[in-house]
Every structure is written in structure tokens, then in C-alpha cells.
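To start, the structure itself, in C-alpha cells.
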Amino acid sequence: MHLLPHIGSLAAGARNAITDVAGVTVGHCTVAHGELQTGVSVVRPHGGDPYRDKVPAAAVVLNGFGKSVGLVQVEELGVLETPIALTNTYSVSAVAQAQIRQCIAANPEAGRGLPTVNPLVFECNDGFLSDIQRMAITPQHYVDAHAACGAEVEQGAVGAGRGMSCFGLKGGIGSASRRAATGHTVGALVLANFGKLPQLTVDGHPVGRRLAARIAERDAGPERGSIILLLATDAPLDARQLRRVALRAGAGLARTGSVFGHGSGDIALAFSSAYTVPHLAQRGMPAVAMLHEDSMDHLFQAAADCCEQSILHALWHARPVTGRDGHGREALPDLLAGWTTLAEARPA
């Protein structure tokens, strides 16, 4: 893609997406009808039932202006027990309900003879482009996104990313991966809905300042966006180590120009596909040799680089969208069409 840089020195996986981590799949359901520009995206950590076979995980709140569901239990127990869902702020409850019903259908004793399930739904506010007050997302949209999960990851203005804005431009879903020096893969998927245009930095180049000099932002005032950063790895890590990996998502985010603004809900979650934790005690806990702490720096670099790359992918894959009350967002590739190098962003 025109002028899209490769971030860092590490090689990407075959798809350069979170699905380069074996077993991870992604699906979307997009709603694009006039005033409604929204949707649902789903990340499945493996092909089985995560309620029965839980996945080690941990989350970090970089800035807590958010309304996600399920993070308290993830922090306490260090596991995922549903797929990860992304949607708009006012649709969290509808998607959480869908996850609960999905679990009950597969596990009829959930909430009776077995513990209740912990739905995990992340959100960003797409109200600039979509009529968020319509609360148009239904449980069926989650079901459809889940059914669409596969190894190929569509990016840009799709699924939960349909109505999202990034640095005053069209944002949305982005994904990337890196091969760490340990031989493990780290993959990222972001829901990018943050930032002010003058802040945008691409591979160290102040692209946003150059663009802001000739483009007026439609939504002046403080930042009111968010970003969700999901990281997957096949490295054998426990929840404590995964929290350390999740924290490095903030390094990649900052390199794009974000300052974790007051009104931005910036949350990162990391999980490992290397093993699962059984729901029933009778099955016994897995005996897994965790990665040594001295090797963690390699995963930290991979996490930071693929999060930064994922944000750029969200911008580069997005197309212009017009939605609520005629509000629109331009796509970054269109604005860079006449450029020959990113160095043009720097003053002479």
C-alpha cells in the first residue's frame, strides 16, 4: 500500500495479522445504512468452547474513560472464558447478553450447577459517524460476527470499526503480527478511535501536522475517542507475564502520537494460546514451563511494534465514510496520494 511503512526490524507472520497466532480467528458483522455506521467484531482465542477451556489473559487500563464489561474477573482470575467482542459504547449490553446466551446454549448448567460465565465486551464511541442512540446492535449481530470468524482478517471500516475515527480521519480495525527472537509469534488487533489530527505520527514522521495545516478538523475540542488493543501470542506465559506484555501495547500506541487523552478509553489485553485452563477441577491443571523472564524483552518489542503497525493498518485500510447528520471522515491514503515519501511531512 502506498507509503505504508513496516514498523521495526522484526519480520511479520504470513498474514501480518493476529491470526498468525495459531488457532486465533476473527470475524465481523457490519451495519452500514445511512445514519447507522456501526457493527460487531469478534476474536476467538481458539476453536473450542472457552468456557470449558479457558485461556490465560491479562488486561491493562492505560486510561480508564471506558465502559467495557468483564475486566474485573479477568484481573482476578487471569483467564478468558468467552470470545473477545468489540462494539460501540451503547451496544455493550446487547453483545454481553449474546455471549451469555451462547455459553448457556453450549453449557446448560452455566449459572445453575456451574458458575456463571464472564462476558468480555470492549467498546469505543462511534457516535460521530453513527446514531449511537438508536442502539441498533442486537444479539444476532454478535452471533453473525462469531459465525464469520476465520483466519483472514478484514481491516478498516468493518465490524466494530465501521463508525470509528482515528486522528480525525477514518479509523477502525487494524491488525498485524511479528515474529519474536524467541521463535514465538505476537499478533495484535486494534479498534482505533482516538487522537487529534496534529498528533498523528507515522514511523516517526509528523504526518498529522502537515495534514492539519490544510485540513480543518470537523470536531474541534478535547479528544473523546478510545482504542482497544488486543494482543495474542503462542508463547507460554502466565497472567502476570501477559499483563507485562499488554502494558507494552502502550509503547506502540504512544509512537503514533497518542497521549492517552482525558476522554479516551485506552485498554490493552493480552492472551496466550499456548495452553488452556480447564473449567472442571477433575481434569487437572496443565503442567506448562513458562517462558523465562530474561526472554520477555523480545516479546515486548514484538508487542509494541505490531500494535503500532496495527494502528497504521487501520488507517491505511479505511475508506471514507459518511454517516449521521452528514458527518464524514476522509481516508488517510487519499490524502497521501500525491506524496512520494513520508519525509515530506517534515519542514524544509
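Within the 4.5 Å cutoff, the side chain of His146 has heavy atoms near those of the Pro83 side chain. The side-chain heavy atoms of Ile84 and Leu230, taken from C-beta on, include a pair separated by under 4.5 Å. In this structure, His298 and His184 have side chains that are not in contact, with every pair of non-hydrogen atoms separated by 4.5 Å or more. You'll find the side chain of Phe194 reaches within 4.5 Å of the side chain of Ile311, heavy atoms only.
More than 12 heavy atoms of other residues, nucleotides or ligands sit less than 6.0 Å from atom CZ of Arg179. The number of heavy atoms from other shown groups lying within 6.0 Å of CZ (Arg134) does not exceed 12.
Between Phe65 and Ser226, the shortest heavy-atom contact is O-OG, 4.0 Å. Nearest heavy-atom pair, Asp238 versus Tyr275, reported as atom, atom and distance to 0.1 Å: CA-OH, 3.7 Å. Smallest separation of non-hydrogen atoms from Leu62 and Gly250: CD1-CA, 3.8 Å.
Using a 4.0 Å cut-off between charged nitrogen and carboxylate oxygen, Glu308 and Arg178 do not count as a salt-bridge pair. Arg248 has no carboxylate O lying under 4.0 Å from a charged side-chain N of Asp297, or vice versa, which leaves the two without a salt bridge. With respect to Asp334 and Arg319, a salt bridge is recorded, a charged nitrogen being found less than 4.0 Å from a carboxylate O.
To the nearest 0.5 Å, atom CG of residue Leu197 and atom OG of residue Ser165 are 11.5 Å apart. A distance of 10.5 Å separates OG1 in Thr233 from CD in Gln241, rounded to the nearest 0.5 Å.
For the pairing with Val95, the side-chain contact (heavy atoms from CB on, under 4.5 Å) check across Thr138, Val121, Val143 returns one residue only, Val121. When the options Asn193, Thr89, Asn88 are evaluated for a side chain to side chain donor-acceptor pair (under 3.5 Å) with Glu123, the one that passes is Thr89.
The salt bridge (Lys or Arg N to Asp or Glu O under 4.0 Å) analysis of residues 64-88, with sequence neighbours excluded, yields the pairs Lys54-Glu81.
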Side-chain donor-acceptor pairs under 3.5 Å in residues 2-12, sequence neighbours left out?
| from | atom 1 | to | atom 2 | distance (Å) |
| --- | --- | --- | --- | --- |
| His2 | NE2 | Leu336 | O | 3.3 |
| His2 | NE2 | Trp339 | O | 2.9 |
| His6 | NE2 | Leu10 | O | 2.7 |

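A donor and an acceptor atom, one from each side chain of Asp126 and Thr38, are located under 3.5 Å apart. No side-chain donor from either of Asp20 and Thr185 sits under 3.5 Å from a side-chain acceptor of the other.
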